[in-house]
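First the proteins, then the strands, lettered A, B, ... as listed; each starts at 1.
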2 protein chains.
Amino acid sequence: MDGTTAYPTIRDIAARVGMSKSLVSLALQDSPRVAQASKAAILSAAEELGYRRNAAARALVAHRTRTIGVFLLDLHNPITADLVAAVQEEARRRGYQTIVVVGGDSATERAEIVKLLEFRVEGIVAVGHRLPAGGREAITSTCPGVIIGSEQTGVPDLLSISNDDAVGARLAVEHLISLGHTRIAHVTGGRSLVARRRRRGYEQAMRDSGLGAEVSCHDGDFTDEGGHHGAWAALTSGRPPTALFVVNDFAAFGAMAAVVDLGLRVPEDVSVVGYDGTRLSGLRALSLTTVVQPLESMGSQAVAHLCSRLDGDDASPKKRIRLTPSLVARETTAPLRTAEHEGA
Amino acid sequence: MDGTTAYPTIRDIAARVGMSKSLVSLALQDSPRVAQASKAAILSAAEELGYRRNAAARALVAHRTRTIGVFLLDLHNPITADLVAAVQEEARRRGYQTIVVVGGDSATERAEIVKLLEFRVEGIVAVGHRLPAGGREAITSTCPGVIIGSEQTGVPDLLSISNDDAVGARLAVEHLISLGHTRIAHVTGGRSLVARRRRRGYEQAMRDSGLGAEVSCHDGDFTDEGGHHGAWAALTSGRPPTALFVVNDFAAFGAMAAVVDLGLRVPEDVSVVGYDGTRLSGLRALSLTTVVQPLESMGSQAVAHLCSRLDGDDASPKKRIRLTPSLVARETTAPLRTAEHEGA
DNA sequence: GTGAAAGCGCTAACAT
DNA sequence: ATGTTAGCGCTTTCAC
């Protein structure tokens with residue numbers, strides 16, 4: 001049950017076709033220096049023997065792995081899947097492989113990052129709202145890194161790719177205003193950087209629209225529960241809002257539930273806007289209006305950056321890329337009902 | 001920008017502390033044969049130099065990688081995350097590492113499986129409703145495999161771990177019956193094996209409860225849209241059901257939307273039961289009654305099986321493990337309203 | 001066009 | 001307790 005010995009080696013192939021192992025190696029790389037006939041023989045022998053290249057051996061001698069490590073902070077976040085797909089796609093296009101590891105507690109995170117390093121990945125793409133534990137060390141050693149979804153400052157050699165939360169928040173607010181809403185409250189995501197940016201974007205957009213006096217924030221977090229909590233607080237306040245801009249989609253789902261729990265309806269009584277553009281937001285039963293992040297572009301730019309650094313194009317000393325989000329209007333937002341209809 | 005040379009080797013450590021590289025190797029493995037003093041010196045030198053073990057080199061010589069490959073068919077499926085967590089946890093507990101790859105189109109699937117083999121993983125856990133392209137070859141070569149979530153027949157040396165769909169379907173039907181429902185329709189998932197099992201389980205449970213005459217199936221699939229379609233068909237049929245058992249959670253969400261689109265309410269007019277127990281089903285805005293699969297147990301048993309085979313315990317020639325699901329009653333199911341109240 | 005030989009970083013006998 | 005040596009599977013000069 002030895003994991004390796006059962007595999008045939010180039011030596012086995014060589015023996016079978018009666019040539020040297022160097023020739024076999026050349027043939028396997030499709031080198032033009034090998035005669036067509038020999039190449040064919042070698043290839044078919046390899047096939048018959050069920051030969052598989054040994055990644056360890058070739059990495060050892062080639063001094064490179066052409067592999068990019070992908071670290072996932074949270075597999076449960078639905079945007080992770082799209083990001084991984086984009087990263088994988090772009091890496092393949094550029095001739096790199098990816099291996100992905102998934103975080104857990106902080107010890108696991110550290111261990112997984114170390115594993116990536118031991119595999120000698122040539123670059124690391126971290127996906128998540130923060131750097132993995134041990135991520136800093138990883139980056140400050142030889143391997144370049146990119147973090148998607150967070151903005152780490154003060155980590156040299158680390159590029160952060162994110163969407164422009166200020167723009168996204170503005171998009172949400174302006175959408176609501178265009179629908180006639182003025183009493184627009186915000187359910188926050190706590191004190192994380194992303195949450196604070198969205199909050200500031202909301203406040204700024206409100207002020208810019210002359211609605212500075214209507215600014216109203218309620219504590220929540222990035223979860224269903226947090227959204228429910230924040231929305232509940234907003235709607236039971238002295239001056240309940242007619243619209244809610246919630247820090248992310250999951251929390252927005254919680255907010256929708258809170259509206260219903262209070263005997264109100266979405267969107268007739270309260271409009272709700274989320275953030276992220278997760279696939280879930282498109283579910284018919286939810287159909288959430290939300291700000292969508294350009295995930296595909298974020299993923300491919302991460303790989304593009306890594307590859308250009310690996311190719312020695314040091315002409316990209318960027319520390320941050322902020323992409324522009326967009327808004328998808330669905331069924332949780334509707335024009336404000338006028339006072340006459342409301343009977344209020 | 002060479003991925004490897006920048007890393008210090010045991011030779012560098014040896015030079016720095018003035019000992020031989022074998023001693024360094026031993027010390028790094030925490031061998032008792034090394035003097036405490038030397039060990040300390042070596043460890044601190046390694047630390048200072050930023051030494052990282054070279055996985056390729058040690059795999060090459062050790063003839064084993066202690067690594068299990070995890071193949072993910074669909075990252076978007078929310079149950080994938082829980083399964084991965086369970087697999088990873090169990091592997092770590094047993095001293096194995098995991099590396100995960102993610103499928104895409106069939107060429108990608110094949111490539112990713114090959115990659116796993118080239119890494120010389122000692123076993124493969126595939127997660128998904130079917131085998132990855134190239135999976136069959138992977139298994140029939142030296143590496144043992146387990147597939148979670150599907151039941152592949154006719155692939156030797158492949159264990160499939162799944163939940164017992166017949167039991168799950170029965171749980172759903174009996175729950176509905178206990179609530180007083182008799183007109184219980186099923187929204188199917190198409191012709192896949194899992195879909196057929198759930199359908200048969202539904203039919204059998206209905207018959208066993210003397211409701212054979214009420215059996216009513218409507219075509220859907222495993223998506224939001226498919227569920228909406230099937231539920232619509234069921235509810236607009238000549239004899240509309242008062243309860244729906246839907247093939248999976250996603251489709252159940254679509255079914256919930258269909259109920260609403262028809263001007264009816266969940267659960268007052270129509271009860272809905274899903275399948276899988278995805279986290280989403282717990283969202284307050286959805287709060288779906290569903291059959292939950294024992295994901296943690298499925299993941300850990302997969303690894304347990306692999307490890308026992310790797311340790312030579314050939315005493316487990318199992319081809320299939322079926323675990324028992326359970327039902328979580330939430331807010332999409334309610335007692336049948338009696339005729340008087342219905343006014344029908 | 002083909003083969004021989006060196007060596008990647010490491011482990012594991014086998015010496016000392 | 002520590003050093004020497006061989007060799008894992010492969011790529012890559014360098015000869016022939």
Side chain of [X], heavy atoms from C-beta onward: which of [options] has the nearest atom to it?
{"X": "A:Val34", "options": "C:dC14, C:dG9, C:dT2", "answer": "C:dT2"}
{"X": "B:Ala57", "options": "C:dC8, C:dC10, D:dG3", "answer": "C:dC10"}
{"X": "B:Met19", "options": "D:dG3, D:dT13, D:dG9", "answer": "D:dG3"}

For [X] and [N], what is the distance between atoms [atom1] and [atom2] respectively, to the nearest whole Å?
{"X": "A:Leu28", "N": "D:dT12", "atom1": "CG", "atom2": "P", "answer": "13 Å"}
{"X": "B:Asn54", "N": "C:dG9", "atom1": "CG", "atom2": "P", "answer": "7 Å"}
{"X": "B:Arg64", "N": "C:dA12", "atom1": "CZ", "atom2": "P", "answer": "12 Å"}
{"X": "B:Arg53", "N": "C:dT11", "atom1": "CZ", "atom2": "C1'", "answer": "13 Å"}
{"X": "B:Arg11", "N": "D:dT5", "atom1": "CZ", "atom2": "P", "answer": "13 Å"}
{"X": "B:Lys39", "N": "D:dA1", "atom1": "NZ", "atom2": "P", "answer": "10 Å"}
{"X": "B:Asp30", "N": "C:dT11", "atom1": "CG", "atom2": "P", "answer": "13 Å"}
{"X": "A:Gln36", "N": "C:dG1", "atom1": "CD", "atom2": "P", "answer": "10 Å"}

(message) Check the phosphate of C:dC10 against B:Tyr51, side-chain N and O only, distance under 4.0 Å to OP1 or OP2. Yes or no?
(response)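 Answer is yes, contact under 4.0 Å.
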
Roughly how far, to the nearest 0.5 Å, is the [atom2] atom of [Y] from the [atom1] atom of [X]?
{"X": "A:Ile113", "Y": "A:Phe71", "atom1": "CD1", "atom2": "CZ", "value": "5.0 Å"}
{"X": "A:Arg58", "Y": "B:Glu118", "atom1": "CZ", "atom2": "CD", "value": "7.0 Å"}
{"X": "A:Arg110", "Y": "A:Ser106", "atom1": "CZ", "atom2": "OG", "value": "5.5 Å"}

(request) From the options B:Leu131, B:Val127, B:Leu73, select the one residue that forms a side-chain contact (heavy atoms from CB on, under 4.5 Å) with B:Ile147. (result)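 Testing each of B:Leu131, B:Val127, B:Leu73 against B:Ile147, the sole residue satisfying side-chain contact (heavy atoms from CB on, under 4.5 Å) is B:Leu131.
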
Name the nucleic acid region contacted by [X], choosing base, sugar-phosphate or nothing; use a 4.0 angstrom heavy-atom cut-off, strictly under.
{"X": "B:Ser25", "answer": "base"}
{"X": "A:Ile10", "answer": "base"}
{"X": "A:Ser22", "answer": "base"}
{"X": "A:Arg58", "answer": "sugar-phosphate"}

(request) Between A:Leu23 and B:Gln29, name the one whose nearest nucleotide on DNA chain C is closer to the 5' end. (result)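 Nearest nucleotide further toward 5': that of A:Leu23.
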
(message) Using only modelled atom types and a 3.5 angstrom limit, is any donor from either the side chain of A:Lys21 or the base of C:dT2 paired with an acceptor on the other?
(response)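 No such pair is found, so the answer is no.
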
(request) Compute whether any side-chain donor of one residue and acceptor of the other, for A:Asp311 and A:Ser308, lie under 3.5 angstrom apart. (result)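 Their side chains do not contain a donor-acceptor pair, so the 3.5 Å distance test is not met.
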
(message) For A:Thr9 and B:Ser38, find the nucleotide of DNA chain D closest to each by heavy atoms; which residue's nucleotide sits nearer the 5' end?
(response)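 Comparing both residues, the 5'-ward one is B:Ser38.
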
